[in-house]
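These notes concern the structure reproduced below.
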Amino acid sequence: MNKHTRTAFMVAPILAVIGYIAADYYEEGLAEEEKVIQLVPFEDCDVINQKCILRAGDFEVNVFDKNNYTTVNSTFPLDSATLFLVDANNTPTPYPLGMIQSPYYWHSETNLRELIGQSGQSYTLRLVANIKGGRYISEFYTKTK
């Protein structure tokens, strides 16, 4: 084996480790860039009966109301979340959600149950969930069955 081959065998593992670390930093930088992604309802939403799932790729958000607290449960930890109740005049009322025990669960006391507690009633909701510079947004309708 000549000296060039020997040198290549000694330098190659070091270059591979440096390349792996550089690729990790690059991917982390891309993940923290600001972007807006739309969440789409998986099926018809019924927040009162705990049947409302919003999706964007692998990310899922479950929105439900229990004891006058509207809760958002996500598959990835959130940095913050805000729920908007939109009335018939298209005027949104924001409800900043507070974290419950972990960044996967967020809730706020709302009057949603008063607005759509009866079967057949529907209402427009908007959700903004923030994860490392990414904003997941959705406008969806919930209809009580």
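If you're wondering where the values come from, they're calculated on a predicted model, not measured in any experiment.
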When the side chains of residues 85-94 are checked against the rest of the protein, which donor-acceptor pairs come out under 3.5 Å, sequence neighbours left out?
unit_1: D87; atom_1: OD1; unit_2: N89; atom_2: N; d: 3.0
unit_1: D87; atom_1: OD1; unit_2: N90; atom_2: N; d: 3.2
unit_1: D87; atom_1: OD1; unit_2: T91; atom_2: N; d: 2.9
unit_1: N90; atom_1: OD1; unit_2: R126; atom_2: NH2; d: 3.0

Q. Quick one: which of D44, V47, V40 gives a side chain to side chain contact (heavy atoms under 4.5 Å, CB included) with F140?
A. V47
Compare every heavy atom of [Y] with every heavy atom of [X], then report the nearest pair and how far apart it is.
{"X": "L54", "Y": "P41", "value": "CD2-CA, 3.7 Å"}
{"X": "W106", "Y": "M99", "value": "CE3-N, 3.4 Å"}
{"X": "L97", "Y": "T70", "value": "CD2-O, 4.1 Å"}
{"X": "N49", "Y": "K145", "value": "ND2-O, 3.4 Å"}

Q: For the pair D65 and R113, evaluate salt bridge (charged side-chain N to carboxylate O under 4.0 Å, His left out) and give the outcome as yes or no after the intermediate values.
A: CA-CA 7 Å; D65 188 88; R113 193 165 286 275; 3.0 Å; yes
(Q) Any non-hydrogen side-chain atom of N111 less than 4.5 Å from a side-chain atom of Y95? (A) yes
Q: Give me the one residue out of F42, Y104, Y136 that meets ring-ring contact (aromatic ring centres under 6.0 Å, His included) with F59.
A: Y136
Q) Is atom CG of D58 surrounded by more than 12 heavy atoms (other residues, nucleotides or ligands) closer than 6.0 Å? A) no
Q. More than 12 non-hydrogen atoms from neighbouring residues, nucleotides or ligands closer than 6.0 Å to CZ on F84, yes or no?
A. yes
Q.
How long is the straight-line distance from CG of L78 back to NZ of K132, given to the nearest 0.5 Å?
A. 12.5 Å
